[in-house]
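Data block below; observations after.
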Amino acid sequence: MVTAGARRGRGDLEREVLAALGAAGAPATPAEVRERLAGDLAYTTVMTTLARLHEKGLVLRERDGRAHRYRVADATEVAAARMRRTLESSERREAVLARFVGDLAPEDVPVLERLLRDAERRG
C-alpha cells in the first residue's frame, strides 16, 4: 500500500486494485474497491484502472444496474483471454491456430477434439 502523498511505482496501483478485489471475496463495484485502497484516490482513477485490468483480461465484470461489479479472473480465464487476443490480433488466424494445434502434447489432442465437438453441438 502507498501512503498519502507518496508516488506509486509502475504497476503498483493495478496490483493494489487486484489485491483489494481478491480480498473482497465477491464481485465489487469501483466504489467498494476504492474504499479498500489506501490513500485518497479519485473514483475515476479506480474506474480507469479497473477498465484497463478488464482490457488485459485480468478482471471480469458483470452489469449491476448502471454500474459494473468486478472480480479477479482465475488463471484459466487469463490464459484464454490472452489466447483470444493473440488470435484476434493476427492477420493470419489459420497459421496461428495451426501452430497452436501442431505444438499440442499428444494427450491434449483428444481433449481439444472433444471440446470442439461440444462447441459445434452448442451452435
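Numbers here simply count residues along the sequence, with the first being 1.
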* Asked: Checking Arg63 side chain against Arg66 main chain: does a donor-acceptor pair fall under 3.5 Å?
  -> yes

* Asked: So, the side chain of Ser89 versus the backbone of Arg85: is there a donor-acceptor pair under 3.5 Å, distance only?
  -> yes

Going from [atom1] on [X] to [atom2] on [Y], what distance comes out if it is rounded to the nearest 0.5 angstrom?
X	Y	atom1	atom2	answer
Glu14	Leu50	CD	CG	10.0 Å
Arg117	Leu112	CZ	CG	10.0 Å
Arg84	Glu77	CZ	CD	9.5 Å
Thr48	Leu13	OG1	CG	9.5 Å
His54	Leu60	NE2	CG	6.5 Å
Glu113	Leu104	CD	CG	10.0 Å

Restricting to non-hydrogen atoms, name the atom on [X] and the atom on [Y] that form the minimum distance, rounded to 0.1 Å.
X	Y	answer
Gly22	Val72	N-CG2, 3.8 Å
Leu58	Leu18	O-CD2, 4.1 Å
His68	Pro30	O-CD, 3.5 Å
Ala81	Gly57	CB-CA, 4.1 Å
Glu16	Leu37	O-CD2, 3.5 Å
Asp40	Arg34	OD1-NH2, 3.8 Å

Is the closest basic N to carboxylate O distance between [X] and [Y] below 4.0 Å?
X	Y	result
Arg122	Asp118	no
Glu62	Arg71	no
Arg69	Glu32	yes

Linking I/L/V/M/F/W/Y whenever their side-chain heavy atoms sit closer than 4.5 Å, directly or via other members, would [X] and [Y] fall into one cluster?
X	Y	value
Val109	Val101	yes
Leu41	Leu21	yes
Leu87	Leu116	no

* Asked: Should we count CD of Glu107 as having more than 12 external heavy atoms under 6.0 Å?
  -> yes

* To do: Output, in order, the C-alpha distance, side-chain angles, deciding distance and verdict of side chain to side chain contact (heavy atoms under 4.5 Å, CB included) for Val96 and Arg93.
  => CA-CA 5 Å; Val96 172; Arg93 293 174 66 101; 5.7 Å; no

